[in-house]
Amino acid sequence: MNIKKFKYDEVGLNRFFGPLEAKIMELLWEAEELSIKEVQQRLKQDKPINFNTAMTVMNRLVDKGILQKRAEGRLSLFRPVQSKEKFIEEQSKKLTENLLDEFGGVVINHMIDVLDEVDQTLLDKLEQKIQQLRKDNL
């Protein structure tokens, strides 16, 4: 699954999706599988939304490979292709790889510069990963 546009000036899932796509994905990650009508009704609690709009967005997410669609009688049910955690992990890995490919050491230097702002557990994991990479390369 490849998200084509990463929006640096947005936050959360809006970095990967449009606002309505992000809301739909949140609903589906919470519920695991929903119909268009169920999604529309849940979205409608915040702001009125047309059934056809929800259907169009959900079908586009299927076309992008982010949702799966299955028929149950006349009802179409939608579910995420992967968990939210797996999605974020995969997309952040691709973003990091792209940045490293394009900008190399500059990216690593910037990552190191912000390490003083992270949780100690993350630093411990990073240290373990570096040690493992060193062992593997011996």
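Values in this document were obtained by computation on a predicted structure and should not be read as measured data.
Taking CD of Q68 as the start and CZ of F78 as the end, the distance is 11.5 Å to the nearest 0.5 Å. A distance of 9.5 Å separates CD in E89 from CD in E85, rounded to the nearest 0.5 Å. Interatomic distance, CG of N50 versus NZ of K44, reported as 10.5 Å (0.5 Å rounding). In this structure, CZ on R79 lies 7.0 Å from CZ on R70, to the nearest 0.5 angstrom. Considering CG of N98 and CZ of F103, their distance stands at 10.0 Å, rounded to 0.5 Å. Here the CG atom belonging to L27 is positioned 12.0 Å from the CD atom belonging to Q40, to the nearest 0.5 angstrom.
Taking hydrophobic clusters as Ile, Leu, Val, Met, Phe, Trp and Tyr residues chained together by side-chain heavy-atom distances below 4.5 Å, Y8 shares a cluster with L100. Under a hydrophobic clustering in which Ile, Leu, Val, Met, Phe, Trp and Tyr are joined whenever their side-chain heavy atoms come within less than 4.5 Å, directly or via other members, F51 and L34 fall into the same cluster. If you chain together hydrophobic residues whose side chains sit under 4.5 Å apart, L122 and M111 fall into the same group. Tracing side-chain contacts under 4.5 Å through hydrophobic residues (I, L, V, M, F, W, Y), one reaches W29 starting from L61; they form part of the same cluster. Residues V106 and I112 fall into different hydrophobic clusters, defined by Ile, Leu, Val, Met, Phe, Trp and Tyr side chains chained together at heavy-atom separations under 4.5 Å.
Residues R60 and T56 have side chains in contact (heavy-atom distance under 4.5 Å, counting atoms from C-beta outward). With contacts defined as side-chain heavy-atom distances shorter than 4.5 Å, the pair K23/V39 does not qualify. Counting only heavy atoms from C-beta outward, the side chains of L43 and L20 approach each other to under 4.5 Å.
No side-chain donor-acceptor contact under 3.5 Å links K7 and N14. Looking only at atom types and distance, the side chain of D136 has a donor-acceptor partner in the side chain of Q132 under 3.5 Å away. For Q120 and D124, the side-chain atoms include at least one donor-acceptor pair closer than 3.5 Å.
Residue E32 qualifies as open at atom CD: its count of foreign heavy atoms under 6.0 Å is 12 or below.
Under the 3.5 Å distance criterion, the side-chain polar atoms of R15 are matched with a main-chain donor or acceptor of E10. Using a distance-only test at 3.5 Å, with no hydrogens or angles considered, no donor-acceptor pair links the side chain of E21 to the main chain of V57.
Note on E38 versus R42: no salt bridge recorded, every NZ/NE/NH1/NH2 to OD/OE distance being 4.0 Å or above. Ion pair E26/K84 flagged as a salt bridge, since at least one NZ, NE, NH1 or NH2 atom sits closer than 4.0 Å to an Asp/Glu carboxylate oxygen.
When all heavy atoms are compared, the tightest approach of I24 to A54 is CD1-O, 4.4 Å. Between S35 and L75, the shortest heavy-atom contact is CB-CD1, 3.7 Å.
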TODO: Could you walk me through whether K94 and E90 pass the salt bridge (Lys or Arg N to Asp or Glu O under 4.0 Å) test, one step at a time?
DONE: CA-CA 6 Å; K94 284 180 184 178; E90 187 178 287; 3.8 Å; yes
Task: Step-by-step side chain to side chain contact (heavy atoms under 4.5 Å, CB included) determination, I66 to V81 - done: CA-CA 6 Å; I66 297 165; V81 169; 5.6 Å; no
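In this structure, F17 and F87 have parallel ring planes: the angle between them is below the 30° cut-off, well short of the 60° mark.
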